[in-house]
Amino acid sequence: MTVLEAIRGRRSIRKYSPKAIEKEKMAVIYDVLRLAPSAKNIQPWHYIVVDDDELLAELVVACNSQKFIATAPLVIVGCADEKLAYDRMGGYMSSFAIDLSIGFDHLTLAAYELGLGTCWIGSFKEKEVKSLLNIPDNLRVVALTPVGYPAGTPPTKPRKEWSEISSHNKFGE
């Protein structure tokens, strides 16, 4: 499978089979997260792999009752240190969310290649997730994703045409 095939084929999975994920596949997932680039190579992230059934059930509540989350064998919680990250991204912001997002993008594509599904979770209560998983104050929870074998393949969703989302040389041209 090529990267382009993974980009074109990946879907957000909201139904998972109970099949366990092989250790070899999880090693690949961990490696792609570790190898992701970050601004100035600071690597301000920390990932928490949650596979305890009770914690997964509590994550459902912290993620605004998205029940499908607990049907996956595990959830990866992506955290980043806002103050450790490069602080002049664009001249005005920290790179922490971008750095973590690059890692999660690597994760979603590699998981698809491995036959696994993911679903980027952005709807969550950060304070509840932090409390539940003992995440220290200096880290921000950026995103979560369940990881597991899909129980079905959702249809392709429509995408805007390039002309609707781009300009050439200057905005609006």
Side-chain angles (χ1 to χ4, degrees), residues 1-16 25 28-48 59 62-66 68-69 72 75-130 135 137-150 152-173:
M1 176 180 301
T2 68
V3 173
L4 290 176
E5 288 169 333
I7 290 169
R8 289 184 179 115
R10 187 217 59 83
R11 304 280 182 274
S12 293
I13 302 300
R14 291 179 176 84
K15 291 181 183 177
Y16 295 90
K25 289 187 178 185
V28 172
I29 296 296
Y30 300 152
D31 211 32
V32 299
L33 287 168
R34 185 183 67 79
L35 294 172
S38 63
K40 298 187 70 98
N41 197 34
I42 295 171
Q43 305 169 57
W45 46 62
H46 187 91
Y47 299 100
I48 302 169
L59 273 179
C63 293
N64 300 309
S65 298
Q66 297 178 76
F68 73 92
I69 292 169
V75 170
I76 297 178
V77 180
C79 306
D81 189 327
E82 186 173 10
K83 292 183 172 62
L84 176 63
Y86 180 62
D87 65 351
R88 294 185 298 276
M89 195 72 150
Y92 68 94
M93 67 180 190
S94 169
S95 67
F96 80 100
I98 296 166
D99 293 339
L100 193 283
S101 296
I102 294 168
F104 256 46
D105 194 48
H106 280 47
L107 161 65
T108 62
L109 295 174
Y112 179 74
E113 181 182 2
L114 295 169
L116 301 169
T118 58
C119 184
W120 195 290
I121 305 296
S123 178
F124 59 88
K125 298 175 189 95
E126 184 184 33
K127 286 183 182 181
E128 288 182 30
V129 174
K130 288 178 84 166
I135 298 170
D137 290 340
N138 65 305
L139 295 180
R140 299 294 310 270
V141 178
V142 178
L144 302 88
T145 186
V147 181
Y149 283 96
T153 304
T156 303
K157 292 190 177 181
R159 309 304 292 173
K160 293 180 179 180
E161 294 296 324
W162 178 246
S163 60
E164 296 178 76
I165 61 169
S166 68
S167 300
H168 188 81
N169 288 325
K170 292 186 178 184
F171 189 87
E173 292 182 8

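We number each residue from 1, following the sequence as shown.
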**Report entry** Heavy-atom pair with the smallest gap, counting every atom of W45 and A36
**Finding:** CH2-O, 3.1 Å

Report task. Taking all non-hydrogen atoms of both residues into account, name the closest pair between I42 and A85 and its distance. Result -> CD1-C, 4.0 Å

Query - Interatomic spacing from CD1 in I135 to CD1 in I48 - rounded to 0.5 Å - result: 3.5 Å

Query - Residue pairs, two or more places apart or on separate chains, that pass salt bridge (charged side-chain N to carboxylate O under 4.0 Å, His left out) and touch residues 154-173 - result: none

Query raised in the report: Just wondering, are more than 12 heavy atoms of other shown residues or ligands nearer than 6.0 Å to NZ in K130?
Result: yes

Which donor-acceptor pairs under 3.5 Å do the side chains of residues 101-119 make with protein atoms, sequence neighbours left out?
residue, atom, partner, partner atom, Å
S101, OG, A97, O, 2.7
H106, ND1, I102, O, 3.0
T108, OG1, D105, O, 3.0

Query raised in the report: About how many Å separate CD1 of I29 and CD1 of I76, when rounded to the nearest 0.5 Å?
Result: 6.5 Å

Report task. Flag the pair P154 / S12 as yes when at least one side-chain heavy-atom distance between them is below 4.5 Å, and no otherwise. Result -> no

Report task. Please list, chain by chain and in numerical order, all residues satisfying side chain to side chain donor-acceptor pair (under 3.5 Å) with N41, sequence neighbours excluded. Result -> Q43

**Report entry** Backbone of S123 reached by a side-chain donor or acceptor of Q66 within 3.5 Å
**Finding:** yes

Report task. Scan residues 90-102 for pairs that pass salt bridge (charged side-chain N to carboxylate O under 4.0 Å, His left out), counting only residues two or more places apart or in two chains. Result -> none

**Report entry** Listed partners of S163 passing side chain to side chain donor-acceptor pair (under 3.5 Å), at least two apart
**Finding:** none

Report task. For L33 and Y47, run side-chain contact (heavy atoms from CB on, under 4.5 Å): C-alpha distance rounded to whole Å, both residues' side-chain angles, the deciding distance at 0.1 Å, then the answer. Result -> CA-CA 9 Å; L33 287 168; Y47 299 100; 3.6 Å; yes

Query raised in the report: Do the side chain of S95 and the main chain of I98 share a donor and acceptor less than 3.5 angstrom apart?
Result: no

Query raised in the report: Between V141 and E126, what is the shortest heavy-atom contact and its length?
Result: N-OE2, 2.8 Å

Report task. First locate atom CG of D81, then atom CZ of R140, and finally report the distance between them rounded to the nearest 0.5 Å. Result -> 11.0 Å

Query raised in the report: Out of curiosity, C63 SG to I121 CD1, how far, rounded to the nearest 0.5 Å?
Result: 6.0 Å

Query raised in the report: Roughly how far, to the nearest 0.5 Å, is the CG atom of N138 from the CG atom of L84?
Result: 8.5 Å

Query raised in the report: Just by modelled atom types, is the G9 backbone N or O under 3.5 Å from a matching donor or acceptor in the R11 side chain?
Result: yes

Query - Polar side chain donor-acceptor pair, N64 to K125, under 3.5 angstrom - result: yes

Query raised in the report: Would Y149 and K25 count as having a side-chain donor-acceptor pair, cut-off 3.5 Å?
Result: yes

Requested in this report: Would you give the length of the straight line joining atom NZ of K15 to atom OG1 of T153, rounded to the nearest 0.5 angstrom?
Outcome: 11.5 Å

Requested in this report: Indicate the atoms forming the closest heavy-atom contact of I13 with F68, along with that distance.
Outcome: O-CE1, 3.8 Å

Requested in this report: Any ring pair (Phe, Tyr, Trp, His ring centres under 6.0 Å) involving residues 80-101? Give me the pairs, sequence neighbours left out, ordered by first then second residue.
Outcome: none

Query raised in the report: Going through the distances and angles, do V147 and Y16 end up as a side-chain contact (heavy atoms from CB on, under 4.5 Å)?
Result: CA-CA 8 Å; V147 181; Y16 295 90; over 6 Å; no

Query raised in the report: For D87 and S94, does a side-chain donor sit closer than 3.5 Å to a side-chain acceptor?
Result: no

